[in-house]
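Taking it in order: structure first as structure tokens, then the write-up.
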Amino acid sequence: MTLMLIDDDVPMLEYVEYLLGSLGLELQLVASAFSSEDALEQFHAALPDVVIIDIGLPGMDGLELADAFRITKPEVRLIFLTCYEDFHYSKRAIQLEADDYLIKDELSPEQLKSSLSKAMSRFKSREELLERYSFRQAIERNKEVLKQSFLKQLLSGTADQENTLEFGQRLGISWKHPYLRHGFIHMDAASVTERYRYKDIPLIHFAVNNIALELSAGEASITPIMSRDADIYLVWNVAEPGCPGTGLTDFMQSVLDKVEQYLKITLWGFYSGASVPLRNFDSLYKTLMDSRDHNFYQAVTPIAVLDEQADFGQTAEWRGDKERGMLSLALEEGHAAWIDLAINQWTQQVTTDRLLPRLVKEACGNFVRQMAFEAGGLAEEDFFTQLEQTVHIQEAARLTKRELRNLWRQHTLAPVAAQEKDIRLQEVDRFLEEHVDQMVTSTDMAEHLHLNASYFSRYFKKLSGINFTDYVNQYKMNMAITMLARPHETVENVAYTLGFSDRAYFSKVFKKYSGRNPSEYKAGPAEEGAGEERAD
């Protein structure tokens with residue numbers, strides 16, 4: 001296993017390295033750093049399994065640095081060093097699931113060996129857990145696909161009911177009672193991304209399903225089915241339509257507890273208060289999915305009945321100009337606290353107004369697009385997928401804050417030089433430079449590269465993380481900001497130069513990717529006011 005040391009006190013670094021030589025652990029020191037910037041660079045290069053880190057680093061402290069490490073490598077183990085005991089620090093260390101919190105003046109070889117041994121053991125245990133779930137995933141994959149096919153047949157309303165039930169019995173689904181009641185278990189996306197990467201989510205989804213299957217083995221009347229719409233969809237076969245829901249809620253609670261124990265993520269359970277005969281299964285499912293967002297502003301509870309009569313404010317989309325300004329300040333001042341301030345204020349406002357959840361999610365996405373645009377970075381495409389699936393305002397807000405902080409770190413702590421961009425994207429940029437006055441489509445780009453248009457679209461999204469249209473628009477809007485800052489430049493001329501024949505459409509695209517009107521980037525208040533008047 002590999003180890004990294006981080007401390008701005010060089011003698012302390014040398015002392016810890018000296019102690020390591022006498023511990024007899026199968027642990028290789030692969031990196032040492034004495035500043036936050038150097039630590040970030042070396043961590044990304046070495047990806048160590050265990051990190052010993054000083055909390056009191058200048059600039060970005062050890063806790064913030066450890067949080068950044070977890071984004072890149074969620075399984076990394078952490079041991080914190082400090083010169084003094086502080087409850088606030090120790091509390092944050094516990095939240096980061098640190099393996100130990102050591103006082104420098106009291107550090108001994110025995111204490112260091114004990115801490116490292118514990119960290120190594122936990123790292124190996126987590127690796128074994130994920131390997132076990134990966135193996136089971138390979139075995140069970142076909143069965144889960146068939147169960148999803150079984151669910152689709154039930155929802156189609158056209159399949160023969162008797163044949164469908166026989167198909168279910170071959171999959172181990174035996175419904176002996178005449179009524180069905182159902183619900184679903186939702187993986188809190190903010191909780192998942194605090195510990196795992198986006199690319200790990202399918203594996204975590206499967207792991208949660210495995211736990212649900214294990215617990216349902218002794219409860220044949222409850223059937224878990226993996227679903228994109230409802231994470232883990234649950235069907236409960238009951239004898240009477242008016243039976244209490246304790247059987248389903250008790251099962252949900254047992255799944256929530258076990259997932260928290262083993263995977264350290266938060267789940268939420270939701271269920272319908274109605275029971276229906278099998279022939280009405282499709283309508284019951286539709287009602288459940290239609291009411292998925294109905295608890296969006298309710299008090300957070302682990303398990304809840306879905307409110308079928310949600311009352312949302314039918315207001316126009318809330319602009320959030322003040323919050324957008326705070327996000328810009330986060331980049332301008334290099335202080336991430338503005339992010340929390342902006343999103344917390346915004347959350348309180350939309351909760352008071354009970355804004356439609358769809359509009360809330362759109363606003364979250366726009367906040368992230370603005371930060372990506374101004375920071376010159378790229379948001380995770382999977383963020384937008386997970387955002388769309390959120391079921392509560394707090395989940396959406398926490399997920400958004402995390403993505404904004406990731407973009408802030410990209411800009412403030414580890415900006416990527418243009419020459420480091422993937423060579424394939426450099427070729428795309430060159431083509432865009434040559435055709436900056438034209439509206440370049442994915443078909444145009446595919447023809448230039450001698451590729452099939454459909455293949456190119458899929459390939460480009462996998463390569464860059466966003467679709468080609470978004471990439472082109474971000475590219476052009478970055479140029480537009482530079483152009484608009486020039487004295488006496490007009491919005492009309494910038495739009496024409498960048499291939500937009502219609503000023504209104506250019507302004508619409510500009511605002512989508514920057515979060516502001518073009519006139520707001522104009523130099524000088526008189527010019528800005530005139531631009532706003534024309535925009536109105």
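Just so it is clear, the values below take in all heavy atoms, side chains as well, and ignore hydrogens, waters and symmetry mates.
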Indicate yes or no for a side-chain donor-acceptor contact from Thr390 to the backbone of Ala396 under 3.5 Å, with no hydrogens or angles considered.
no

I'd like to know if Lys461 and Glu381 make a salt bridge, using a cut-off of under 4.0 Å between side-chain N and carboxylate O.
yes

Is the shortest side-chain N to carboxylate O distance from Arg405 to Asp67 below 4.0 Å?
no

Walk me through it: do Val472 and Lys476 pass the test side chain to side chain contact (heavy atoms under 4.5 Å, CB included)?
CA-CA 6 Å; Val472 173; Lys476 290 196 172 190; 4.2 Å; yes

Hey, are Glu395 and His186 close enough side-chain-wise for a donor-acceptor pair under 3.5 Å?
yes

Would the distance check show the side chain of Glu403 and the main-chain N or O of Glu380 forming a donor-acceptor pair, the cut-off being under 3.5 Å?
yes

Is it true that Phe312 and Phe296 have ring centroids separated by less than 6.0 Å?
no

Check: Ile201 and Asp382 side chains under 4.5 Å, non-hydrogen atoms
no

Under 3.5 Å, side chain of Arg70 to main-chain N/O of Val76, donor-acceptor pair present?
yes

Between Val208 and Tyr262, does a side chain to side chain contact (heavy atoms under 4.5 Å, CB included) hold up when you go through it step by step?
CA-CA 10 Å; Val208 173; Tyr262 288 105; over 6 Å; no

Can any side-chain N or O of Gln42 pair as donor or acceptor with the backbone N or O of Ser32 at less than 3.5 Å?
yes

Looking only at the aromatic ring of each residue, does the gap between the centers of Tyr233 and Phe184 stay below 6.0 angstrom?
no

What residues, two or more places apart in sequence or in another chain, satisfy side-chain hydrogen bond (donor to acceptor under 3.5 Å, both in side chains) together with Thr469?
none

Is a side-chain donor or acceptor of Lys361 paired with a backbone partner of Glu388 at a separation under 3.5 angstrom?
yes

Is there a donor-acceptor contact under 3.5 Å from the side chain of Ser227 to the main chain of Ile232?
no

Under a plain distance cut-off of 3.5 Å, with no hydrogens placed, do Tyr513 and Asp470 share a side-chain donor-acceptor pair?
yes

Roughly how far apart are Arg398 CZ and Ile393 CD1, rounded to 0.5 Å?
12.0 Å

Between Phe383 and Tyr198, does the ring centroid distance fall short of 6.0 Å?
no

Going by distance alone, is a donor N or O of one side chain under 3.5 Å from an acceptor N or O of the other, for Arg292 and Gln389?
yes

Would you say Lys73's side chain and Leu47's backbone share a donor-acceptor pair under 3.5 angstrom?
yes

Checking Lys124 now: which residues fulfil salt bridge (Lys or Arg N to Asp or Glu O under 4.0 Å) with it, not counting sequence neighbours?
none

Within the distance-only criterion (no hydrogens, no angle test), does the side chain of Tyr297 pair as donor or acceptor with the backbone N or O of Leu355 below 3.5 angstrom?
yes

Side chains of Lys512 and Asn473: do they bring a donor and an acceptor to under 3.5 Å?
no

Report yes if some heavy atom in the side chain of Leu25 is under 4.5 Å from a heavy atom in the side chain of Lys113; otherwise report no.
yes

Examine distances only and state if a side-chain atom of Lys264 and a backbone atom of Arg195 form a donor-acceptor pair shorter than 3.5 Å.
no

Taking His44 for its side chain and Leu40 for its backbone only, find out whether a donor-acceptor pair lies under 3.5 Å.
yes

Nearest heavy-atom pair of Trp268 and Val391: which atoms, and what distance?
CE3-CG2, 3.4 Å

Using side-chain contact (heavy atoms from CB on, under 4.5 Å) as the criterion, point out the one residue from Ile265, Thr266, Leu399 that pairs with Asp188.
Thr266

